[in-house]
Number of protein chains: 2
Amino acid sequence: MQETLTRDGTVPLHTQIAEALRVQIQNDQFKENLPSERELAERYAVSRMTVRQALQKLRLEGLIYNERGVGTFVNNRKIDVHTRNLNGFSEEMISLGLRPSSLVLTFRRELAGPDVMRDLGLGAGAEVFYLERLRLADDEPMAFEKTYLPAYLFPKLDKFDLTKNSLYRVLGENYDSRMHHAEEVLEAAAAPKRIAEQLGVRGGAPVLVVHRVVFTESHQPIESAHTIYRADRYRATFYLSKNA
Amino acid sequence: MQETLTRDGTVPLHTQIAEALRVQIQNDQFKENLPSERELAERYAVSRMTVRQALQKLRLEGLIYNERGVGTFVNNRKIDVHTRNLNGFSEEMISLGLRPSSLVLTFRRELAGPDVMRDLGLGAGAEVFYLERLRLADDEPMAFEKTYLPAYLFPKLDKFDLTKNSLYRVLGENYDSRMHHAEEVLEAAAAPKRIAEQLGVRGGAPVLVVHRVVFTESHQPIESAHTIYRADRYRATFYLSKNA
DNA sequence: TAGTGGTCTAGACCACTAT
DNA sequence: TAGTGGTCTAGACCACTAG
């Protein structure tokens, strides 16, 4: 069997192979063990190093693992890694089998505070867009989210309807600004009254606070966000590796 | 300048290069930008692919980042990534500049419960070692930790004094069992009374619960642990990447 | 012994950035 | 134009595992 890849240089071969394998894994095309690296190289008509690059990606997600001298195997634990969802709240909820929706509570331009200035690498007096959203999953409150974006990078951002459009899609399609990596700090807290009310929990109930700063490929910070999850509805899963 | 590496095959060249670069980065040997990949290849007398493997490791930790057509740069944000500390509590505390210590509260052999059986892939009736420790940083309670280990993998584990020896060191040196990767689930909770007392916080205070399952290279689970951190003392930092 | 993943080489071409 | 990182090739040898 010879699989064909797009070779016009727009999408790296290893990315295409990784995505193809991901689909096949999700559809249980492999019982447990994947074809050997040499066989995959032949199947996709690429070198073995290219196959290894594709497998490395899936390995770091915890989707597969290797045994020296034995082979490559599918990780049968059905983990849904938070890391994998560097695409935003909506995608993560969908992958969890939930229907996401949002309520925009606030959207305005304002002066950046000291923490936001530091996160986004801004100077004194810089302005940001401040977006406050209630995030729902299956129409039930899941998280309260405060997002800050540098105003100078996204002129006229307030012209977009963020009720209907994904923020990341707006940034990507209209400003050519795409997330590439991010820093996240997770901590536990007691819900302040105003946020507890929005989330539908009692004041002081435990919440998981995820503070995320998102960067482009050239390491420019484009977003600082605080997502306050209901502890009874959300847990964050990570996959750690000595190779990372 | 020609750097020499150990070439007896015991430690991969890319690992040695990564560690050498890590030290140089910590000592601010590079102002901001690293030498180019081609220059590093020459300096260490290896191929460029080997250098890239070393850099990939540091990139996934968030220690460095790349700009196409420009170069490789040190990430100046002083983040202390939780992922990097796949070595245990002690190492993580030291990297945070704190002095770690432990108090063993319980250490016994017992029948595995259903959750532990699932985590460790054990059958009904299997036994585990149960270890309960209070983890201190600078002599102040930081976390309460419950650890489960398959008894059949670690016979006579109870002969070791875990007050003085690192658990991971004991497993590595005496049972040749080394952690290679792990799954972690993080959630927020309210501290139950008994644990709150140990941690020195009021009952119901927010805590960050980290549930970790540790695997060897051949994907055998060797440990299931629940670490309950004081929310006022601990936050977990992660670095996420599209390449992972 | 045959097959596997882990490592490594010595090149190559590309798109991109800075000058 | 020169230099950079991103990608890819077509090999190679090794340690390891299974039969």
Side-chain angles (χ1 to χ4, degrees), chain A residues 5-19 21 30 32-60 64-74 176 178 180-181 216-220 241-244, chain B residues 5-19 21 30 32-60 64-74 176 178 180-181 216-220 241-244:
Chain A
L5 304 173
T6 305
R7 285 175 184 271
D8 60 1
T10 55
V11 182
L13 298 179
H14 64 81
T15 303
Q16 296 181 56
I17 295 169
E19 293 316 308
L21 291 175
F30 314 115
E32 188 194 348
N33 65 318
L34 270 67
S36 76
E37 297 177 349
R38 286 167 181 84
E39 189 181 331
L40 287 172
E42 194 176 358
R43 187 178 296 190
Y44 288 105
V46 298
S47 76
R48 192 174 149 222
M49 284 299 290
T50 303
V51 167
R52 282 183 61 78
Q53 241 178 312
L55 294 176
Q56 165 80 338
K57 198 169 183 164
L58 304 178
R59 223 180 353 254
L60 290 172
I64 62 174
Y65 63 92
N66 295 83
E67 282 189 58
R68 305 171 95 98
V70 187
T72 304
F73 303 89
V74 176
D176 199 39
R178 287 164 226 287
H180 181 263
H181 54 274
T216 62
E217 191 181 358
S218 56
H219 205 58
Q220 175 167 61
S241 170
K242 278 281 188 193
N243 303 324
Chain B
L5 304 173
T6 306
R7 287 176 183 269
D8 60 2
T10 55
V11 182
L13 298 179
H14 63 81
T15 303
Q16 296 181 55
I17 295 169
E19 294 315 309
L21 290 175
F30 314 114
E32 188 194 347
N33 66 317
L34 270 66
S36 77
E37 296 178 350
R38 286 167 181 85
E39 188 182 332
L40 287 172
E42 195 176 357
R43 184 177 298 191
Y44 288 104
V46 298
S47 75
R48 192 174 150 221
M49 285 299 289
T50 303
V51 168
R52 282 183 61 78
Q53 240 176 313
L55 294 177
Q56 165 80 339
K57 199 169 184 166
L58 304 179
R59 225 183 347 256
L60 290 172
I64 61 173
Y65 63 92
N66 296 83
E67 284 189 58
R68 305 173 96 98
V70 186
T72 304
F73 302 89
V74 176
D176 200 39
R178 287 165 225 287
H180 181 263
H181 55 273
T216 62
E217 192 181 356
S218 57
H219 204 59
Q220 174 168 59
S241 170
K242 279 281 187 192
N243 302 325

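Chain naming here is simple, since letters A, B, ... match the order of the sequence lines and numbering starts at 1 in each. The analysis underlying the following values was restricted to heavy atoms, covering all of them including side chains, and did not include hydrogens, waters or symmetry mates.
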Watson-Crick/G-U partner (both atom distances under 3.5 Å) of dA2(D) | dT17(C)
Side-chain donor-acceptor contact under 3.5 Å, Thr10(B) with Asp8(B) | yes
Please lay out, stage by stage, how Phe30(B) and Ile64(B) fare under the test side-chain contact (heavy atoms from CB on, under 4.5 Å).
-> CA-CA 11 Å; Phe30(B) 314 114; Ile64(B) 61 173; over 6 Å; no
Which nucleotide, in any strand shown, forms a Watson-Crick or G-U wobble pair with dT9(C), with both distances under 3.5 Å?
-> dA10(D)
First of Met49(B) and Thr72(A) reached from the 5' end of DNA chain C, by closest nucleotide = Thr72(A)
Flag side-chain contact, heavy atom, 4.5 Å: Arg38(A) against Arg48(A) = yes
Taking Gln16(A) for the side chain and Val11(A) for the main chain, is one N or O donor matched with an acceptor at less than 3.5 Å?
-> yes
Walk along DNA chain C from 5' to 3' and tell me the first and last nucleotide with an atom closer than 4.0 Å to a non-hydrogen atom of chain A.
-> dG3(C) to dC8(C)
Considering heavy-atom distances to DNA chain D, does Pro12(A) or Val70(A) have its closest nucleotide positioned more toward the 5' end?
-> Pro12(A)
Just call it for Leu13(B): base, sugar-phosphate, or nothing, with non-hydrogen atoms closer than 4.0 Å on any strand.
-> sugar-phosphate
Donor + acceptor pair across side chains of His181(B), His219(B) (<3.5 Å) | yes
Atom of Tyr65(A), atom of Glu32(A) and distance for their closest heavy-atom approach = OH-OE2, 4.3 Å
Between Ser47(A) and Glu39(B), who's closer to the 5' end of DNA chain D by nearest nucleotide?
-> Glu39(B)
